[in-house]
Each structure stands twice: as structure tokens, then as C-alpha cells.
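I have placed the structure first, in the form of C-alpha cells, so that the comments after it can refer back to it.
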2 protein chains.
Amino acid sequence: MYLVVAETLAAQIADMHVGTRLPPEDKLARQLGVSRLTARAALAELESRYLVLRRQGSGTFVSRRIDYTISRDNPPSWSASVRNAGRTPAIRTTSWRLDKPPVEVRRRMRIDARRQLLAVSRDRYVDDELVGFADSWLDPELLPDLPQTLDTTASLHDVLDRHYRLEPVRGWFGVAIDPAPPEVARHLRLHGHPPVIAIRSRTDAAARGHRPVELTISWLRADIFRVDVDFDTNP
Amino acid sequence: MYLVVAETLAAQIADMHVGTRLPPEDKLARQLGVSRLTARAALAELESRYLVLRRQGSGTFVSRRIDYTISRDNPPSWSASVRNAGRTPAIRTTSWRLDKPPVEVRRRMRIDARRQLLAVSRDRYVDDELVGFADSWLDPELLPDLPQTLDTTASLHDVLDRHYRLEPVRGWFGVAIDPAPPEVARHLRLHGHPPVIAIRSRTDAAARGHRPVELTISWLRADIFRVDVDFDTNP
DNA sequence: TAGTGGTCTAGACCACATA
DNA sequence: ATGTGGTCTAGACCACTAT
């Protein structure tokens with residue numbers, strides 16, 4: 001029965017704009033002649049299909065996942081993907097520091113144990129809602145005066161490309177989807193352990209003999225983004 | 001409250017073997033002094049973390065996702081990944097035919113409209129449970145007498161490698177996670193639209209000038225597999 | 001101070017798998 | 001036939017967000 005209700009709502013939702021508010025659960029239940037729990041089950045089904053977002057105290061809203069394609073050729077532009085979906089991206093740098101990176105980062109960046117890297121944390125917003133964050137490790141030798149050049153909203157790729165002329169290319173990447181680890185769930189203010197997408201990626205400088213420039217670990221809400229890996233092995 | 005229950009159970013489950021059966025909901029509810037719905041909510045939480053699998057009429061069982069890594073170097077061996085997790089893989093070929101492929105397949109395989117390819121459908125099992133299936137399109141010119149050589153359980157990669165000596169390498173791949181389309185849900189006997197992983201991949205023959213050999217579209221249950229893409233761009 | 005979704009109760013019946 | 005998870009009811013209170 002809740003599946004029938006869900007199908008009905010799904011069909012109606014298909015024509016609605018993102019952000020439209022659905023009727024509250026009790027109204028929906030009365031309208032359809034079912035109990036509130038049944039109406040809830042239907043809405044949960046829609047939520048599992050990423051067709052709605054639910055916010056306690058606020059309401060149920062029509063939603064669509066945002067396509068984020070990871071490929072060889074396209075620059076890894078998160079902001080462009082969000083804009084492409086007709087939404088408004090924002091990036092805020094939350095912290096800066098010069099620090100020794102952990103071993104895995106050292107290995108991936110091919111640097112020795114004495115080197116320090118620039119650690120940058122950035123939060124990602126879509127339409128003013130926090131939907132992800134990223135921790136980056138950057139090589140300060142390749143990026144003199146970075147704090148001055150990286151404004152809060154710019155894409156890292158654009159800065160490496162246009163300001164430093166490093167011809168940034170993707171050197172390595174990893175993608176997996178997992179239940180949100182506690183610290184990630186806390187940072188994104190999620191309850192429980194909803195699925196999140198972990199993207200690890202390294203950018204190399206083609207203009208400097210493919211020397212690694214930066215390594216980023218980013219976390220994105222899996223209900224907001226549809227990450228699509230599309231990769232040609234032989235260009 | 002159900003989150004507390006879930007944490008308690010999660011801690012106990014951590015030490016248990018895959019496949020162990022948990023107490024039924026009503027027993028659990030009585031033991032913990034909560035209503036059955038609360039016990040259910042806790043079990044649903046564990047299910048969303050992939051720690052248990054629930055089967056109507058049968059019970060709730062301890063589970064772990066199976067790691068399936070897609071990388072440049074490793075051959076794309078699904079069976080090896082399953083065995084590596086201490087589980088038993090099986091593949092069953094369900095259909096065979098010579099047919100004209102759809103446009104997207106033609107484009108990816110770089111063949112003209114007149115060519116026919118071998119279409120093979122295979123079901124994938126883990127411990128005798130259906131967990132995915134794959135539709136492959138193979139080039140019969142590169143694979144003479146294939147129907148005789150491909151036994152029901154062999155990995156396609158192994159056959160291309162050992163029997164035909166084609167030096168198979170991954171030519172292209174795409175990965176995304178989506179709510180199961182109706183026909184996929186039906187095939188895998190899933191209710192609703194639970195998330196499934198779609199993997200599209202093309203194998204090329206390094207021994208034949210990297211000519212495309214086969215294109216496979218496979219669907220895997222996202223609650224059973226943890227697909228991990230780990231890709232070096234510059235080998 | 002509403003109004004929203006989130007949780008919980010007790011009880012009932014159903015669908016499905018297994019023996 | 002039994003036992004399991006799946007669904008549904010009616011009603012209550014709570015947590016959170018917005019006004």
C-alpha cells in the first residue's frame with residue numbers, strides 16, 4: 001500500500017521543481033486515507049530513491065541528485081557540476097596550516113618524511129546547505145604565496161591552471177561509498193551513518209614533469225550527489 | 001533509544017561470523033524491554049550500515065560487504081574478490097545469442113552497424129545467493145568457438161587471457177550507484193528500488209593492437225559489494 | 001509558539017521461507 | 001504448520017525549525 005502511495009507521489013514529483021515543499025505527513029495521511037506511519041513509509045521510499053529530502057522541523061522537499069562526473073579529460077570541477085545542475089555552489093575555507101602529512105599522504109605525494117605541506121580544509125555548500133567537505137595537502141614549493149591567491153570560492157583546479165600555469169592533470173584517484181564515519185557525520189551534521197562518497201585524488205603538474213601538486217580527500221553526501229566515474233584507459 | 005540498541009548490537013556483531021543468525025525481532029524486543037518497532041528500527045539501522053541482511057520469512061543474518069577493487073593493473077576479477085573475502089562465487093550463463101548490439105555498444109566497441117556480436121548474459125552468485133548479473137557483448141572474430149571454451153563458472157578475463165592469448169586490458173569503464181531500475185530489481189528479486197552498482201567496462205586486446213574485445217554492463221547489489229575504484233592515471 | 005518530521009507504544013494481520 | 005520479517009492501525013509525545 002505504501003508502495004502504491006509512493007508511486008503516485010513519485011509521478012507527481014517528477015513534474016515539480018527542486019525545492020518544492022510537499023504536504024506534511026499528517027495531511028498526506030488524511031488525504032490518502034492511510035495512517036501516518038504508512039504515509040511515512042511512502043516518503044521514506046521516495047527518500048531512498050533520492051526524490052525528496054526530509055528535514056525535521058522543516059518539511060519534505062523535492063530533490064534531485066547532482067551529477068558529478070569523474071573522467072580523464074574533464075577537469076575535476078565540482079563547482080561546474082553543481083552549476084550545471086542549476087544549483088548554486090559555494091566553497092568556504094575553514095582552516096589553513098603548514099604541517100607534516102600522514103604516511104599515506106607522503107607516499108602518494110612521493111615526498112620524504114621531513115617535508116611539510118600546506119593543509120587546507122574546505123566546506124562545500126549547495127544552495128547554502130552544507131553537503132560535503134574536503135581536506136587538501138598542497139606542495140608549497142610549487143605554489144608560492146598560495147594563501148593570497150586562493151580566495152574562498154575559487155576552484156583549486158582553476159588556481160593551479162590559470163594562476164600558476166602548472167597544467168594540472170589528474171594523477172590518481174579513488175572512489176568508494178561507505179556509511180559516514182562518526183567524524184564525517186558530525187561535520188556534516190548528519191544523524192546515524194548515512195552513505196557518503198569518499199573521493200581521494202591527486203593532481204600532478206604536467207608543466208613540471210608530472211610532479212604531484214596536491215592530494216585531496218573529499219566527502220560528499222550520497223543523497224545529494226551522483227558520482228559517475230567514466231574513464232578511458234587509453235587516451 | 002533505537003540508536004543505543006543498534007550500537008549495542010553492532011558491538012556484538014563485530015565479533016560474529018558472517019551468516020550468523022540474530023534473534024528474531026520479537027525476542028529481541030522482549031529482551032531489551034522495547035517495543036517490536038523500536039527493535040526493528042535498530043535492525044534497520046544495522047542494515048543501512050551493511051552489518052546485517054534481513055530476509056522475510058527467514059531471519060536476520062550477520063553480513064559484511066565484499067570489497068571489489070577496480071584498478072588499472074589488477075585484472076577485473078570478480079570471482080577472486082569474492083574468494084578473497086572468504087566467500088564462494090559462482091557464475092551461471094543464462095543466455096547466448098548472436099545479435100546486432102544497440103548504438104551505445106556499437107560506439108564503444110567501434111564497430112559498424114552491420115556487425116553482429118555475441119550477447120551473453122550471466123548471473124553472479126555468492127554462497128548460492130543471486131547478487132548480480134552481467135550482459136556482455138563479445139567480438140566473435142577475436143573469439144572463435146567461444147561457446148565451447150567458456151564454461152559456466154570461468155571468469156571471462158581468464159578465458160581471454162589463457163585460451164585466446166589476447167592480453168586483455170581494461171579499455172574503458174564507468175561506475176555509478178543508482179536506485180535499481182525496475183528490470184534490474186525484478187531480475188535480482190529485490191523489492192522497491194534499493195541501490196545497485198552499475199559497472200560498464202570494455203576490454204581491449206593488447207595482443208591485437210588494443211582492438212576492443214568485449215563490453216560488459218554488470219549490476220551488483222550495493223549492500224553486498226563495496227566497489228572501490230583506485231586508479232592511477234600515469235602508469 | 002506553531003508546525004514539522006522523529007520516535008515510541010501495543011496490538012494485529014499478512015507474505016514468505018523452511019521443515 | 002511454524003516462525004520469520006513486512007505492513008498497518010491509532011494514538012501519544014518529543015526534537016527541531018521557523019516565525
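Small disclaimer: the values here were computed from a predicted structure and weren't measured. Below, read A as the first sequence line, B as the second, and so on, with proteins coming before strands; counting in each chain starts at 1.
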- Item | Salt bridge A/Asp123-A/Arg92, side-chain N to carboxylate O under 4.0 Å | no
- Message: Nearest heavy atom decides the nucleotide; on that basis, is B/Leu43 or A/Met1 closer to the 5' end of DNA chain D?
- Response: B/Leu43
- B/Asp26 has an atom CG; how far is it from atom C1' of D/dG3, in whole Å? 9 Å
- Item | Separation of atom CZ in B/Arg40 from atom C1' in D/dT4, rounded to whole Å | 11 Å
- Message: Looking at C/dT4, I'd like to know if its phosphate oxygens (OP1 or OP2) sit under 4.0 Å from a side-chain N or O belonging to A/Thr60.
- Response: no
- Query: Just how far, in rounded Å, is C1' of C/dA15 from CZ of B/Arg54?
  - Reply: 15 Å
- What are the two closest heavy atoms between B/Val175 and B/Arg200, and how far apart are they? N-NH1, 3.8 Å
- Report the nucleotide, chosen from D/dT7, D/dG5, C/dT4, that has the shortest atom-to-atom distance to any side-chain atom of A/Arg21. C/dT4
- Note on the structure: Separation of D/dT9 atom C1' from A/Leu32 atom CG, nearest Å, is 15 Å
- Taking protein heavy atoms under 4.0 Å as touching, what does nucleotides 10-19 of chain D look like 5' to 3' if B marks base contact, S marks sugar-phosphate-only contact and - marks none? B-B--BBB--
- Note on the structure: Rounded to whole Å, CZ of A/Arg30 lies from C1' of C/dG3 at a distance of 12 Å
- Item | Length of the CD-C1' vector between B/Glu25 and C/dC8, whole Å | 15 Å
- Query: Between A/Asp127 and A/Arg87, is there a side-chain N and carboxylate O pair less than 4.0 Å apart?
  - Reply: yes
- Separation of C/dG3 atom C1' from A/Phe61 atom CZ, nearest Å, is 12 Å
- Give a yes or no on whether a salt bridge exists between B/Glu7 and B/Arg49, defined as a side-chain N under 4.0 angstrom from a carboxylate O. yes
- Message: If I take atom CD in residue A/Glu47 and atom C1' in nucleotide C/dG6, what distance separates them, rounded to the nearest angstrom?
- Response: 11 Å
- Task: Give, for atom CD1 of B/Ile224 and atom CZ of B/Arg64, the distance between the pair rounded to the nearest 0.5 Å.
- Result: 12.5 Å
- Nucleotide nearest B/Lys27 when distance is taken to its side chain, options C/dG6, D/dG5, D/dT4: D/dT4
- Message: Of the options C/dT7, C/dT4, D/dT7, whose atoms approach the side-chain atoms of A/Tyr2 most closely?
- Response: D/dT7
- Between CG of A/Asp223 and OH of A/Tyr50, what distance do you get to the nearest 0.5 Å? 7.5 Å
- Aromatic rings B/His187 and B/Phe133: how do their planes relate, parallel, tilted or perpendicular, breaks at 30° and 60°? parallel
